[in-house]
Participant: 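There's a structure below that I have some questions on.
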Amino acid sequence: MAYDLTRRGFIAASAAMAASTALPRFAFGQSAAPLSLTAATRVLEINGKAATVYGLINGTGGQGLILDPGQQFRVDLTNSLDVETIIHWHGQMPPNVQDGVPNLPMPLLKTGEMRSFDYAPNPGTHWMHSHVPVQEMNLLAAPLIVRSAADVSADRQEVVMFLHDFSFRPTEEVLAEITGGTAGHDMSAMGTDAKAETDMSGMDMSGGDMSGMDMSGGSMGGMAMDLNDFNFDAYLANDRTLSDPEVVAVEKGGRVRLRIVNAASATTFWIDTGVPARLVAVDGHAIVPMPGTRFGMAMAQRLDIEIDLPGDGAFPVLALREGARERTGLILATTGALVSKIAGMSDAESPAFDTDMAQEMLLQAANPLVARPVDRAHMIMLAGSMQPYLWTIDGQTWDTHKPIIATSGERVELMFHNMSMMGHPMHLHGHAFQVVNINGKAINGAMRDTVYVPPMAMVTVALDAGEAARWMLHCHHMPHLSTGMMTEFAVSA
């Protein structure tokens, strides 16, 4: 069965800052005036049913922002919601006062209030979202793409895939069910059942060919890990499910750069390209290209994947829910290609994501930190349980947290030690860091702002402490964050 393409048809290259999916191959016109961004409600059609959600609407009526190379982030943000809100510019390093955390230091925006932002943005695939968990769960998030000169000059098409998990129920009700311990939880044995299916054959990491590498997470001998807190009603790619996916018009034999953002509140995904591809950036930072057909991403992480299309046809790019059968995605299609229906449920469950960090071990920064002595090191203990539903950092929640301290300019190492049976995507505001050690093995890993720490794992990241201020450090799993799994990275002058 084929999709009816006459209803919505192929999308065109997006207009300036529309950030729908396909990006044009030229720079957008610069504007002296600030860009407009509005937190507002919008109505989606999800599996044939209307749903009122939140959104971040740009001046052309689309979702999100796309900036030219070298363009200043000059934005007037207006809150048109009937609740107070605040927006965090995830992956960016604005002055702390513009970072977008409630009352740290700026208060939430009241209904009808406008606030201006002005800073030099970092290039790459980033996003923006409310820093109020129930609001992010209600889709108050959007892409924030900052293009480089190389992006503009490259002979390729850019496509954004923005992922969400979604419930028709009020997000406050969903969050209460999860944190109250009454939601069902998916479990997985952390033995050979956790085998990841990332295809990395033919890869040269300068230390030898790692094709055929065993990706099993066998270090835990059958211990049960918790994967999914809640079975959402739908999993979305660019606000749509596979019952009516976005179909992106592409050129025969052309090159596509997929900019994928996992904006889900509590879902990790595997990205299945279906055809040979290469991962070229994570969290907006270039890596040594890594070939494959399946790549995983935890909540808040981003992947840039390049595909050289093999010719005419329809090429689905699917996001597979970790440890489950649900999937979403979009379809790249050349003119006249037959686009067949794709079920929203796969035949088999996808594996748990990167339980032994085999994928993360293979990532190498294209532009690593400059080597220098470490001035300060911290071990950060991650813990918690499903019953009672409580997640902590160093044994504390936000109300009783003890800051992790540093001095501006210091080289700092943070070693995350996860003693729980659930993975934690740990995000640090205002900084980029490099993954330098996994389970005791030193690596020259990727630059990131969000690192996934699997159950019973140890991950060390290195960074240079920035502006003297209070910067948030937290798990980006929204139910975990809501129970207080947050501390601060307190930088002094």
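Here, residue 1 is the first one in the sequence, and each next residue gets the next number.
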Participant: Step by step, would you call Asn58 with Thr38 a side chain to side chain contact (heavy atoms under 4.5 Å, CB included)?
Facilitator: CA-CA 7 Å; Asn58 61 45; Thr38 303; over 6 Å; no
Participant: Counting C-beta onward and ignoring hydrogens, is there a side-chain heavy-atom pair between Val160 and Ile145 closer than 4.5 Å?
Facilitator: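 They are in contact (side-chain heavy atoms under 4.5 Å apart), so the answer is yes.
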Participant: Less than 4.5 Å apart, side chain to side chain, heavy atoms only: is that true for Pro143 and Leu65?
Facilitator: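 Answer no - side chains too far apart.
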Participant: Please round to the nearest 0.5 Å and tell me the distance separating atom CD1 of Ile86 and atom OG of Ser130.
Facilitator: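 So the gap between those two atoms works out to 8.5 Å.
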Participant: Looking only at the aromatic ring of each residue, does the gap between the centers of His429 and His427 stay below 6.0 angstrom?
Facilitator: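 Under 6.0 Å, so yes.
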Participant: Rounded to the nearest 0.5 Å, what's the gap from CG on Asp304 to CD1 on Ile260? Could you check?
Facilitator: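 It comes to 8.0 Å.
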Participant: Given the side-chain rings of His424 and His476, with only the six-membered ring counted for Trp, is the space between their centroids under 6.0 Å?
Facilitator: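 Distance test on ring centres: not under 6.0 Å, no.
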Participant: Taking C-beta and beyond as the side chain, do Phe166 and Leu44 meet within less than 4.5 Å on heavy atoms?
Facilitator: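 No; the side chains remain at least 4.5 Å from each other.
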Participant: Given Leu139 and Leu236, is the side chain to side chain contact (heavy atoms under 4.5 Å, CB included) satisfied, shown in steps?
Facilitator: CA-CA 10 Å; Leu139 279 57; Leu236 310 179; 3.9 Å; yes
Participant: Say you draw a straight line from OG of Ser350 to CZ of Arg327; how long is it, rounded to the nearest 0.5 Å?
Facilitator: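 Rounded to the nearest 0.5 Å, the OG-CZ separation comes out at 10.5 Å.
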Participant: Between Tyr452 and Gly423, what is the shortest heavy-atom contact and its length?
Facilitator: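 Of all heavy-atom pairs spanning Tyr452 and Gly423, the closest is OH-CA, 3.5 Å.
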Participant: Are side-chain heavy atoms of Leu428 and Asp449 found at a separation under 4.5 Å?
Facilitator: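 No, every pair of side-chain atoms sits at 4.5 Å or beyond.
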Participant: When you measure from the side chain of Ser148 to the backbone N and O of Asp151, does any donor-acceptor pair fall under 3.5 Å?
Facilitator: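 Side chain of Ser148 to backbone of Asp151, a donor-acceptor pair under 3.5 Å: yes, one is there.
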Participant: With a 3.5 Å distance limit and no angle check, can you tell me whether Ser36 reaches the backbone of Gly59 through a side-chain donor-acceptor pair?
Facilitator: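 It does not hold such a pair.
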Participant: Would you check if the side chain of Asp272 reaches a backbone N or O of Val317 as a donor-acceptor pair within less than 3.5 Å?
Facilitator: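 Not at all, since once roles are kept as given, no pair shorter than 3.5 Å links the two residues.
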Participant: I would like to know whether Thr41 and Leu81 meet side chain to side chain contact (heavy atoms under 4.5 Å, CB included); could you show each step before the answer?
Facilitator: CA-CA 7 Å; Thr41 58; Leu81 302 171; 3.9 Å; yes
Participant: If I take atom CG from residue Asn262 and atom CG from residue Leu163, how far apart are they, to the nearest 0.5 angstrom?
Facilitator: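 Taking CG in Asn262 and CG in Leu163, the distance rounds to 5.5 Å.
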Participant: Before accepting this row, confirm whether a basic side-chain N of the pair Arg278/Glu306 lies closer than 4.0 Å to the acidic partner's carboxylate O.
Facilitator: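 Salt bridge: yes.
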Participant: For the residue pair Asn439 and Asp356, what are the closest heavy atoms and their distance?
Facilitator: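 Closest heavy-atom pair between Asn439 and Asp356: ND2-O, 4.5 Å.
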Participant: Between Asp308 and Pro310, is any pair of side-chain heavy atoms under 4.5 Å apart?
Facilitator: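 Result no, sub-4.5 Å side-chain heavy-atom pair not found.
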Participant: Could you tell me whether the side chains of His285 and Asn367 share a donor-acceptor contact shorter than 3.5 Å?
Facilitator: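 Their side chains do not contain a donor-acceptor pair, so the 3.5 Å distance test is not met.
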Participant: Report yes if the side chains of Met421 and Met456 come closer than 4.5 Å at any heavy-atom pair, otherwise no.
Facilitator: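 Result yes, sub-4.5 Å side-chain heavy-atom pair found.
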Participant: Take Phe168 and Lys49 through the side chain to side chain contact (heavy atoms under 4.5 Å, CB included) test and state the conclusion after the steps.
Facilitator: CA-CA 9 Å; Phe168 286 105; Lys49 183 177 178 180; 3.7 Å; yes
Participant: Give me the atom names and distance for the closest heavy-atom approach of Leu77 to Ala39.
Facilitator: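 Looking at all heavy atoms of both residues, the closest pair is CD1-N, 4.3 Å.
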Participant: Please report whether the ring centroid of His131 lies less than 6.0 Å from that of His474.
Facilitator: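 For His474 and His131, the ring centres are under 6.0 Å apart.
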Participant: Roughly how far apart are Thr293 OG1 and Ile307 CD1, rounded to 0.5 Å?
Facilitator: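 Spacing of OG1 (Thr293) from CD1 (Ile307) equals 10.0 Å.
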Participant: Of the non-hydrogen atoms in Ala234 and Thr241, which two are nearest, and what is the gap between them?
Facilitator: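 Taking every non-hydrogen atom into account, CB-CG2, 4.0 Å.
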Participant: What I want to check is whether the side chains of Arg321 and Tyr235 have a donor and an acceptor closer together than 3.5 Å.
Facilitator: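 Side chains of Arg321 and Tyr235: pair found under 3.5 Å.
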Participant: Could you verify whether a donor N or O on one side chain and an acceptor N or O on the other, from Asn47 and Arg240, lie under 3.5 Å apart?
Facilitator: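 No, Arg240 and Asn47 have no side-chain donor paired with an acceptor closer than 3.5 Å.
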Participant: Any side-chain donor-acceptor pair under 3.5 Å between Gln92 and Asp99?
Facilitator: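 No.
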Participant: If you define the side chain from C-beta out and look only at heavy atoms, does anything of Asn238 sit under 4.5 Å from Gln63?
Facilitator: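 They are not in contact (no side-chain heavy atoms under 4.5 Å apart), so the answer is no.
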Participant: Over all heavy atoms of both residues, which pair between Ala298 and Thr268 is shortest? Give the atoms and the distance, please.
Facilitator: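 Closest approach of Ala298 to Thr268, heavy atoms only: CA-OG1, 3.7 Å.
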Participant: For a quick check under 3.5 Å, do Ser80 and Thr78 share a side-chain donor-acceptor pair by atom type?
Facilitator: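 No, no side-chain donor-acceptor pair sits under 3.5 Å.
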Participant: What heavy-atom pair brings Ser167 and Phe232 nearest, and what distance separates the two atoms?
Facilitator: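 That closest heavy-atom pairing would be N-CD2, 4.0 Å.
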Participant: Parallel, tilted or perpendicular: which one describes the rings of His129 and Trp127, with boundaries at 30° and 60°?
Facilitator: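 Taking Trp127 first and then His129, their aromatic rings sit tilted (interplane angle of 30° to 60°).
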Participant: Say whether, by atom type as modelled, one donor and one acceptor occur between the side chain of Lys341 and the main chain of Ser243 under 3.5 angstrom.
Facilitator: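 Confirmed, Lys341 side chain pairs with Ser243 backbone.
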Participant: Output yes when Arg448 and Glu360 qualify as a salt bridge under the 4.0 Å nitrogen-oxygen rule, no when they do not.
Facilitator: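 Yes.
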Participant: Hydrogens and angles aside, do His477 and Asp229 bring a side-chain donor and acceptor to less than 3.5 Å of each other?
Facilitator: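 A pair is found: one side chain offers a donor N or O, the other an acceptor, under 3.5 Å apart.
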Participant: Between Gln157 and Gly254, is there a donor-acceptor pair closer than 3.5 Å when you use the side chain of the first and the backbone of the second?
Facilitator: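 No, because the side chain of Gln157 does not come within donor-acceptor range (under 3.5 Å) of the backbone of Gly254.
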Participant: For Arg302 and His126, which I'm curious about, is there any donor-acceptor pair between the side chains at under 3.5 Å?
Facilitator: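 Yes.
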Participant: Under 3.5 Å, is there a donor-acceptor pair between the Thr85 and Gln135 side chains?
Facilitator: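 There is such a pair (donor and acceptor under 3.5 Å, judged by atom type) between the side chains of Thr85 and Gln135.
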Participant: Has Asn418 got a side-chain atom pairing as donor or acceptor with Ala457's backbone, closer than 3.5 angstrom?
Facilitator: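 Flag not set: sc Asn418 to bb Ala457 has no pair under 3.5 Å.
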Participant: Between Thr267 and Ala264 (side chain of the first, backbone of the second, donor and acceptor by atom type, cut-off under 3.5 Å), is there such a pair?
Facilitator: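 Not confirmed, Thr267 side chain does not pair with Ala264 backbone.
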Participant: Mind checking what makes salt bridge (Lys or Arg N to Asp or Glu O under 4.0 Å) contact with Asp233, not counting sequence neighbours?
Facilitator: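 Listed in chain order: nothing, the list is empty.
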Participant: Please verify the inter-ring angle class for Phe117 with Phe73; under 30° counts as parallel, over 60° as perpendicular, anything in between as tilted.
Facilitator: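 Perpendicular, since the angle between the ring planes exceeds 60°.
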Participant: About how many Å separate CG of Leu56 and CZ of Arg42, when rounded to the nearest 0.5 Å?
Facilitator: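 Answer for the CZ-CG pair, Arg42 versus Leu56, is 8.5 Å.
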Participant: Is any side-chain heavy atom of Leu363 closer than 4.5 Å to one of Leu279?
Facilitator: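 Contact flag for Leu279/Leu363 side chains = yes.
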